[in-house]
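Contents: one structure, followed by commentary.
Just so it is clear: chains get the letters A, B, ... in the order the sequence lines come, proteins before strands, and each one is counted from 1. Basis for what follows: all heavy atoms, side chains included, without hydrogens, waters or symmetry-related copies. In this text, all values refer to a predicted model and were calculated from it rather than measured experimentally.
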Protein chains: 2
Amino acid sequence: MSGRVTMHQVAAEAGVSVSTVSKVINGRYGVSPETFEHVTGVINRLGYEASLVARSLRNRRTNVIGVLVADFEPFSTEVLKGVADAIRDTGYELVAYSAGGRIDEHVGWERRYLSRVMGTLVDGAVIVTPTVTDVQYDGPIVAVDPHTGRSSLPTVAADNLQGARLGVDHLLALGHRRIGMVTGRPDLVSAQLREQGYRDAIHAAGLRVDEDLLALGAFDPEQAREAARALLTLPDPPTAIFAANDISALATLDVAAELGIDVPGRVSVVGFDNIPESALSEPALTTVQQPMRQLGREATAMLVRLIAGEEIADTHITLDTTLVERRSTAPTEVPT
Amino acid sequence: MSGRVTMHQVAAEAGVSVSTVSKVINGRYGVSPETFEHVTGVINRLGYEASLVARSLRNRRTNVIGVLVADFEPFSTEVLKGVADAIRDTGYELVAYSAGGRIDEHVGWERRYLSRVMGTLVDGAVIVTPTVTDVQYDGPIVAVDPHTGRSSLPTVAADNLQGARLGVDHLLALGHRRIGMVTGRPDLVSAQLREQGYRDAIHAAGLRVDEDLLALGAFDPEQAREAARALLTLPDPPTAIFAANDISALATLDVAAELGIDVPGRVSVVGFDNIPESALSEPALTTVQQPMRQLGREATAMLVRLIAGEEIADTHITLDTTLVERRSTAPTEVPT
DNA sequence: GTGAAAGCGCTAACAC
DNA sequence: GTGTTAGCGCTTTCAC
């Protein structure tokens with residue numbers, strides 16, 4: 001069987017018109033039982049299935065939900081699993097779309113992606129970590145871990161402020177006083193709140209924030225490596241590092257290993273996210289867990305209601321975080 | 001800004017025809033610099049971006065690669081990450097498609113999915129764990145972890161036979177003699193080979209396979225739980241269980257906990273895959289690791305070459321597996 | 001009960 | 001240099 005079978009071919013083979021085939025497929029009235037039977041037979045024999053694209057172009061509703069991600073990395077992928085959880089048994093199909101992680105070249109990718117798929121391919125979309133505030137688009141859209149600024153979009157995010165405090169408080173409780181931070185992408189509210197939580201925790205402990213102990217990781221593996229290296233090679237390096245996400249924390253672990261700095265012996269490291277990979281590192285990462293799958297589930301539930309035209313009272317959902325203690329943190333060594 | 005902007009609207013706004021807009025967008029010749037400038041301005045102001053669907057329907061090439069999965073579970077998601085790795089900097093975009101895990105109701109989903117997207121939405125596809133052999137479709141398609149039977153499709157898979165032997169040999173080396181198995185989906189070659197490897201390893205150790213120690217888990221969490229329960233409540237239960245994948249192994253751990261059976265004290269458990277989740281269980285799972293991301297990368301590399309029209313000599317790639325020892329296995333207790 | 005025709009948003013011949 | 005037209009695969013009036 002070669003290439004794709006079109007409705008046209010089915011019609012020709014069955015000796016009927018395309019509109020009759022269409023009616024058979026969509027179960028419309030006005031087809032005799034015999035014709036129905038016959039056409040169905042041809043469809044099955046030829047293995048015909050309507051093109052998603054052609055159908056989408058024609059119909060207003062597509063019954064497809066889109067997940068728009070800059071890249072398929074651990075965080076977005078976990079969210080995707082959550083969306084898949086929520087989509088099961090709703091009758092919706094799922095299309096995850098990414099232009100391949102060329103983010104830097106395109107702040108504002110979400111606007112582009114939305115234009116490309118909304119209204120034609122998908123009925124609504126979950127956008128993961130969008131880069132701009134003003135996604136001025138009035139279709140059903142929910143943002144996960146959204147951009148800073150008052151957003152008119154419905155959003156779902158973890159309590160990043162509380163989470164960061166959890167992480168830094170943990171380090172403080174272990175006796176650390178010089179705590180560095182590898183910060184995240186400055187344009188994301190999640191990153192800002194995590195830095196804020198870091199500052200709050202340190203202030204609450206009666207300490208001052210040493211600005212030299214903050215380095216920009218930007219949620220990017222490479223940049224996080226540089227940031228970690230800068231921090232760890234300081235004349236008076238921190239005894240602990242709080243990283244704005246696990247990717248950055250993992251990069252920090254890496255750099256520490258390269259520099260021959262023992263974790264957690266000489267420096268403790270705390271991450272944020274609890275991506276699955278964080279348990280596989282050496283040492284396993286202590287991290288602030290945010291419920292990534294649940295972010296996806298909540299966002300999807302909201303999106304489905306939005307598509308159904310329901311009014312939603314609370315369009316900003318915040319989920320709690322928890323600390324997951326593993327092996328990358330330990331009490332400060334008593335100075336000898 | 002409301003809804004999606006169409007080329008028609010751009011044309012009207014700019015006071016030109018749609019074809020002129022099309023030419024501007026696609027950089028075709030035959031547009032005066034002034035018109036180009038003007039139309040470009042309107043496009044930017046309106047935030048216009050061509051609909052992926054309309055464009056796909058019209059053009060033969062779409063520059064989009066599809067990843068077709070029955071569901072977004074850990075295995076397929078890891079493969080997806082690998083595909084994303086490989087796609088970066090190729091210029092291709094990525095669409096992952098799933099109808100939402102209603103597998104059981106639809107063996108043969110991959111044929112349906114292919115018909116829906118191939119030739120219109122995507123230029124080629126990676127299908128993950130297809131259910132049938134005869135995906136009679138001659139477009140560029142690569143199967144990851146494919147169905148049993150001689151397949152004309154290019155395939156990428158792990159060495160399941162060697163992997164299973166690795167896992168079972170590990171248990172044998174620990175002194176286990178009564179080793180049960182929670183088997184996988186009988187229609188998948190991967191599952192068959194893992195069972196074969198189990199049998200081979202036991203025979204190679206000079207033992208007989210006790211058929212009562214095999215239970216069908218079908219790669220399904222629920223069914224795997226039943227299988228594990230059956231095995232663990234046997235009058236003379238096995239001292240170790242080899243599970244056909246990590247999902248099944250995790251289910252086994254779960255059931256053991258419910259039954260108050262200590263792992264690895266009373267029963268050792270080995271999984272297969274090394275999905276990220278397997279490190280998070282209690283106890284952390286000893287498992288046979290298959291390079292899931294690399295499966296995705298290799299498949300994509302092959303697919304890209306296929307789309308480019310290259311002849312590929314070796315269309316069946318097999319990747320090695322390795323044993324990851326964690327805490328769910330221990331030497332057999334000496335009978336008291 | 002069935003088919004012809006229009007049109008979804010776009011591109012590519014082909015006229016003008 | 002620009003617009004008109006046909007058509008990608010499909011659904012949906014609307015004649016017959």
Look at [X] and [N] and indicate whether a side-chain polar atom (N or O) is within less than 4.0 Å of OP1 or OP2.
X      : N       : result
R55(B) : dT11(C) : yes
R28(B) : dA12(C) : yes
S56(A) : dC10(D) : no
Y48(A) : dC10(D) : yes
S51(B) : dC10(C) : no
S32(B) : dG1(D)  : no
R60(A) : dC8(C)  : no
T20(A) : dG3(C)  : yes
T35(B) : dT2(D)  : yes
S22(B) : dT11(C) : yes

- Query: What about S19(B): does its side chain form a donor-acceptor pair under 3.5 Å with the base of dG3(D)?
  - Reply: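 In this structure, the two groups form a donor-acceptor pair.
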
- Query: dG3(C), dT4(D), dT2(C): which one has an atom nearest the side-chain heavy atoms of S17(B)?
  - Reply: dT4(D)

- Item | Residue L57(B), side-chain heavy atoms: nucleotide from dC10(C), dG3(C), dG9(D) that is nearest | dG9(D)

Output the rounded distance in Å from [atom1] ([X]) to [atom2] ([N]).
X       : N       : atom1 : atom2 : answer
L52(B)  : dC10(C) : CG    : C1'   : 12 Å
L121(B) : dC10(D) : CG    : P     : 13 Å
K23(A)  : dT2(C)  : NZ    : P     : 9 Å
M118(B) : dG9(D)  : CE    : P     : 14 Å
I25(A)  : dG9(D)  : CD1   : P     : 14 Å
Y29(A)  : dG3(C)  : OH    : C1'   : 21 Å
R58(B)  : dT5(D)  : CZ    : P     : 16 Å
M7(A)   : dA5(C)  : CE    : C1'   : 13 Å

- Using the closest heavy atom to pick a nucleotide of DNA chain D for each, name whichever of N59(B) or P33(B) lands nearer the 5' end.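 Going by which nucleotide is closer to the 5' end, it is P33(B).
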
- To the nearest 10 degrees, how far apart in direction are the end axes of the helix from dG1(C)-dC16(D) to dC16(C)-dG1(D), each fit to five base pairs? 50°

Indicate yes or no: at least one non-hydrogen side-chain atom of [X] is less than 4.5 angstrom from one of [Y].
X       : Y       : answer
R55(A)  : N26(A)  : yes
L114(B) : L68(B)  : yes
M302(A) : V156(A) : yes

Run the side-chain donor-acceptor check on residues 304-313 of chain A: report pairs under 3.5 Å with partners two or more places apart or on a different chain.
residue : atom : partner : partner atom : Å
R305(A) : NE   : E310(A) : OE1          : 3.0

- Under 4.0 angstrom, heavy atoms only, what part of the nucleic acid is V53(A) near: base, sugar-phosphate, or nothing?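 No contact.
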
- Query: With a 3.5 Å cut-off and no angle check, do the side chains of D145(A) and S190(A) form a donor-acceptor pair?
  - Reply: yes

Closer than 3.5 angstrom, by distance alone: can the side chain of [X] be matched with the main-chain N or O of [Y] as a donor-acceptor pair?
X       : Y       : value
Y113(A) : A99(A)  : yes
T318(B) : A157(B) : no
S115(A) : Y48(B)  : no

